[in-house]
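In what follows, a structure is listed as structure tokens, so that the remarks can point back to it.
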Amino acid sequence: MPWQNPISIQYKPVSWLTLSGGLRFTRFHGSLTENATNPRAGLAIRIPRANIILHGFYGRFYQAPPLSTISGPLLQFALAQGVDFIPLRGERDEEYQFGATLPVKGWDIDAGYFHTVANNFFDHDALGNSNIFFPLTIERARIRAFELTARSPQVFKRGQFYLAYSHQHAQGQGLVTGGLTDFSPPKGLFFLDHDQRDTLSTGFTINLPSRSYVSGNVRYGSGFLDGNGPGHLPGHATLDVSLNQRKSRWQIVHWHSSAPRHAPAAPVTQ
């Protein structure tokens, strides 16, 4: 079981500067024992008059492995498929991010970039051609993204609109270091199965009489990895509209999805 002891502080030396920091000690004891000491630090700078906030962050993180793994007849079935199960170790991440928050005619807009490097990155894989999925860890992963969010002011004191966009790359590299493996040789950079280049979400909430409200959301994704890639599946979109009553809570929901017939190839880039 994991045991954690976090320490965090925040300091504001002047009105326009906020500093934060922390340290997290983690000890995991299961099929193996691991210890991790993870620092983190951040700052926020408010530019006077313009009311723009510049923010940055650096941190390290530890994610403990699952307590239960494959055993018994399922392990024998896996061995018959030509694979084996290596004990899982914890994932260790290093991340930095920076961005800016600014008001534009009543809108709150935040733009930022993050870059994460993970060792023993947690993923999953199917056992042969079955629908049985098991966790595994990849030697190294790199996830980087530009993100943009915008939230409107109150419109006629009734509603609010929002938008969120992400442009992301999720890539792995190296051996399978834990979990289900056939001991294949190391790989160069490859896309992870949850790699989706573009994600867009926009929606609204409008307050109605009698403590009720209507909300809607449109989500678009450019398509996840197709098999082992490098091509991606077709893009997909969903539309959700709901009518809610805050006391008795009832909903009317409409859902729609669509996708193009084919997906373009997506070569790996560094």
Side-chain angles (χ1 to χ4, degrees), residues 6-24 38-61 93-118 141-171 192 194-208 213-224 235-242 244 266 269-270:
I7 300 171
S8 61
I9 58 172
Q10 190 176 80
Y11 178 54
K12 200 168 185 177
V14 291
S15 61
W16 50 268
L17 176 63
T18 302
L19 304 173
S20 61
L23 198 63
R24 181 181 293 271
N38 298 306
R40 58 198 65 186
L43 81 162
I45 302 172
R46 180 184 294 273
I47 299 176
R49 296 185 181 179
N51 206 29
I52 296 174
I53 299 175
L54 306 177
H55 50 84
F57 172 83
Y58 172 84
R60 294 184 178 182
F61 305 92
D93 300 344
E94 183 177 30
E95 178 180 306
Y96 67 82
Q97 54 182 262
F98 56 85
T101 303
L102 60 154
V104 178
K105 295 184 178 181
W107 286 72
D108 291 324
I109 298 177
D110 186 272
Y113 174 84
F114 77 84
H115 184 113
T116 301
V117 174
R142 181 181 68 182
I143 303 170
R144 49 205 168 104
F146 167 79
E147 297 180 321
L148 175 70
T149 61
R151 187 171 294 274
S152 77
Q154 287 287 325
V155 179
F156 302 115
K157 299 182 179 180
R158 282 289 184 181
Q160 197 171 36
F161 297 87
Y162 67 88
L163 178 144
Y165 170 73
S166 175
H167 180 75
Q168 178 176 275
H169 290 76
Q171 297 168 297
L192 298 170
H194 64 274
D195 177 83
Q196 182 168 246
R197 194 69 66 247
D198 298 292
T199 305
L200 175 68
S201 176
T202 183
F204 65 89
T205 300
I206 299 176
N207 295 315
L208 302 174
Y213 63 95
V214 60
S215 62
N217 181 265
V218 177
R219 299 182 181 89
Y220 167 78
S222 59
F224 293 105
H236 52 91
T238 61
L239 168 66
D240 298 284
V241 179
S242 64
N244 302 271
T269 59
Q270 298 191 38

Which atom of Arg197 lies closest to which atom of Ser222, heavy atoms considered: N-OG, 3.3 Å
Point-to-point distance, once rounded to the nearest 0.5 Å, from NZ of Lys12 to OG of Ser20: 12.0 Å
Parallel, tilted or perpendicular: rings of Phe98 and Tyr113 (30°, 60°): tilted
Side chain proximity check, Val241 to Val214, heavy atoms < 4.5 angstrom: yes
Exam field: side chain Thr202 to backbone Leu163, donor-acceptor pair closer than 3.5 Å: no
Trace of the side chain to side chain contact (heavy atoms under 4.5 Å, CB included) decision for Ile143 with His169: CA-CA 6 Å; Ile143 303 170; His169 290 76; over 6 Å; no
Expected output: side-chain Gln160 to main-chain Gln154 donor-acceptor under 3.5 Å: no
Contact check, side chains of Tyr220 and Thr238, non-hydrogen atoms, under 4.5 Å: no
Straight-line distance of Thr18 OG1 to Arg46 CZ, nearest 0.5 Å: 8.0 Å
Interatomic spacing from CH2 in Trp16 to CD1 in Ile53 - rounded to 0.5 Å: 13.5 Å
Side chain Asn207, main chain Arg158, donor-acceptor under 3.5 Å: yes
Verdict with supporting geometry, Arg40 and Phe57, side chain to side chain contact (heavy atoms under 4.5 Å, CB included): CA-CA 7 Å; Arg40 58 198 65 186; Phe57 172 83; 3.9 Å; yes
Contact check, side chains of Glu95 and Tyr58, non-hydrogen atoms, under 4.5 Å: no
Which atom of Ala145 lies closest to which atom of Ser166, heavy atoms considered: CB-OG, 4.1 Å
Any side-chain heavy-atom pair of Thr116 and Arg144 under 4.5 Å: no
Whether Asp195 side chain and Ala170 backbone form a donor-acceptor pair below 3.5 Å: yes
Aromatic ring proximity Tyr96/His115, centre distance under 6.0 Å: yes
Single hit among Gln168, His236, His167 for side chain to side chain donor-acceptor pair (under 3.5 Å) with Gln196: His236
Non-hydrogen atoms of Gly216 and Tyr162 that approach each other most closely: O-OH, 4.2 Å
Contact check, side chains of Phe146 and Leu148, non-hydrogen atoms, under 4.5 Å: yes
Heavy-atom donor-acceptor pair, Ser215 side chain to Thr205 backbone, under 3.5 Å: no
Ile109 vs Thr101, side chain to side chain contact (heavy atoms under 4.5 Å, CB included): CA-CA, chis, key distance, verdict: CA-CA 6 Å; Ile109 298 177; Thr101 303; over 6 Å; no
Polar side-chain atom of Arg24 near backbone of Pro39 as donor-acceptor pair, under 3.5 Å: no
Modelled atom types, side-chain donor and acceptor of Arg219 and Asn217, under 3.5 Å: yes
Of Ile45, Asp110, Leu43, the residue whose pairing with His55 passes side-chain contact (heavy atoms from CB on, under 4.5 Å): Asp110
Distance in Å, Phe224 CZ paired with Thr199 OG1, rounded so as to fall on 0.5 Å steps: 6.5 Å
